[in-house]
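Values in this document were obtained by computation on a predicted structure and should not be read as measured data. Sequence lines set the chain letters: A, B, ... in the order given, protein chains first and strands last, and positions in each chain run from 1.
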2 protein chains.
Amino acid sequence: MAVSVSQIANECIAVRLRLINRAVSNIYDDALRPFGLKVSQMNILVVVSLRKIVRPSEIGEVLQIDRSTLSRNIDRMKSRDWLESIEDEDARAQPVRLTKSGKDLLKEVSPAWEEAQAQATELMGDKFIASVRDTARQVSQLS
Amino acid sequence: MAVSVSQIANECIAVRLRLINRAVSNIYDDALRPFGLKVSQMNILVVVSLRKIVRPSEIGEVLQIDRSTLSRNIDRMKSRDWLESIEDEDARAQPVRLTKSGKDLLKEVSPAWEEAQAQATELMGDKFIASVRDTARQVSQLS
DNA sequence: TACCATTGATTGTACATGCAACCAAGTGAA
DNA sequence: TTCACTTGGTTGCATGTACAATCAATGGTA
C-alpha cells in the first residue's frame with residue numbers, strides 16, 4: 001500500500017528542511033549584504049581559511065557541493081580578489097588559498113555573522129541548533 | 001571583542017544547515033528524477049494539493065519562497081501541465097490548482113518519495129527528523 | 001471623484017545548484 | 001610503451017533563488 005499524498009504533505013523532511021534552510025540563509029544574507037558577501041560564499045571562505053590551501057574537490061566534499069557549482073563560485077570569488085589559485089605538483093589540480101582581501105573580509109564580517117547567528121538561534125531554538133551541529137558532523141568532515 | 005574566524009568555522013549554523021540541505025535535497029532529487037520532477041517542485045505540488053486553490057503569495061508564505069522565485073517556478077509547472085491558473089474576484093491574483101496530470105503525478109511519485117524519505121531518515125537519524133519537524137511547525141503554517 | 005498608498009504578481013539581473021558531457025593530466029597493467 | 005581507466009576540473013544547459021524595480025488592480029480618504 002503506497003503512501004498517500006497527505007502523508008507526503010505532513011511528513012516530508014525535504015520540504016521542511018528546505019523551508020528552514022531558506023529562512024536561515026536569508027537571515028545571514030541580510031546580515032552580510034553590506035559587505036557584498038552571501039552566506040554561500042562565506043561558507044567557502046571559511047573552509048579555505050581552515051585548510052589554508054585546498055583543492056576545489058575537497059571543498060566540495062566537505063560542503064557537499066557539486067564540482068561544477070564550486071568551479072563557478074570560485075571563479076566569482078577570484079574575480080572579487082578574495083581567493084587565488086596556486087600551483088600544484090599535479091597539473092590537473094587548481095588549489096586555492098585566501099588573499100589578503102579575503103582574510104580581511106572574513107574579519108570584517110565577524111560582527112555581522114555574530115548578529116545573524118544570534119537571530120537564527122532565536123528563530124530556531126537551541127535544541128535545533130545542537131541537532132544541526134551533530135548531524136553535520138555525521139555527514140561531513142567540516143570541523 | 002569580535003568573534004574569531006575559527007569560531008565562525010566551528011559554530012556557523014548556516015554552513016551546516018545548507019550542507020545538510022544539499023545532501024538531503026539530492027537524495028529526493030535522485031529518487032524523483034525518473035518522473036522529471038525535482039523536490040523543489042514537489043514541495044509546491046504538495047502545498048497546492050493541501051489547499052486545493054491557492055495564491056502564489058500564500059504558497060510563498062508557507063514555504064518561505066520569494067514571490068519572484070515562485071512566479072517562475074509556477075510558470076514552469078504550468079507549461080508542464082501540472083498546475084493551472086483560475087480566475088479570482090481580485091483581478092490581481094492568479095490562484096492556481098492542480099490539473100489532473102498534477103494529481104496523477106503526485107500519486108505516481110509516492111513510492112519514490114517513500115524511498116527517499118527512508119534514505120534521508122537513515123542518513124540523519126530520527127532525532128534530527130523530529131527536530132526538523134518541530135522547527136518547521138514553528139517557522140511556517142505548513143500542515 | 002480624484003489621488004495615493006497598498007497589494008499581488010512579473011521582469012531584469014545576478015548568483016547558486018546539479019547533471020551530462022567533455023577535456024587534460026596522471027596511473028597502472030598488458 | 002601504449003592504451004584503457006581514473007581523477008580534477010570546466011562547460012552547456014536547465015532550474016532555483018532573491019533583490020530591486022515595475023505594473024496593474026484595489027481600497028481608503030480628502
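- Both A:Asp66 and A:Arg33 lie near DNA chain D, and the one whose nearest nucleotide falls closer to the 5' end is A:Asp66.
- Hydrophobic clustering (ILVMFWY, side-chain heavy atoms < 4.5 Å, transitive): B:Val5 and A:Ile53 are in distinct clusters.
- Side-chain N/O atoms of A:Thr69 and base N/O atoms of C:dG18 include a donor-acceptor pair closer than 3.5 Å.
- A:Asp81 has no carboxylate O lying under 4.0 Å from a charged side-chain N of A:Lys100, or vice versa, which leaves the two without a salt bridge.
- Applying the 3.5 Å distance criterion, the base of C:dC15 shares no donor-acceptor pair with the side chain of A:Ser40.
- A salt bridge does not link A:Arg22 to B:Asp66: none of the charged nitrogens lies less than 4.0 Å from a carboxylate oxygen.
- Screening B:Arg33, B:Gln119, B:Gln117, B:Lys38 against B:Tyr28 for a side chain to side chain donor-acceptor pair (under 3.5 Å) leaves a single residue, B:Gln117.
- The listed nucleotides are C:dG12, C:dT17, C:dA16; the one nearest the side chain of A:Ile65 is C:dT17.
- Within 4.0 Å of B:Ser57, counting heavy atoms only, lie sugar-phosphate atoms of the nucleic acid but no base atom.
- The nearest heavy atom of DNA chain C to B:Asp75 and to B:Arg22 marks one nucleotide each, and the one closer to the 5' end goes with B:Asp75.
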All N/O contacts under 3.5 Å from nucleotides 26-29 of chain C to the protein, with atom names and distances to one decimal?
residue	atom	partner	partner atom	Å
C:dG26	OP1	A:Ala91	N	3.1

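- One N or O donor and one acceptor, one from the side chain of A:Arg67 and one from the base of D:dG8, sit under 3.5 Å apart.
- In the set D:dA18, C:dC19, D:dT10, the nucleotide with an atom closest to the side chain of B:Asp30 is C:dC19.
- With hydrogens and angles left out, the side chain of A:Arg72 and the base of C:dG18 share a donor-acceptor pair within 3.5 Å.
- Between the CZ atom in A:Arg97 and the OG atom in A:Ser49 there is a gap of 14.0 Å [rounded to 0.5 Å].
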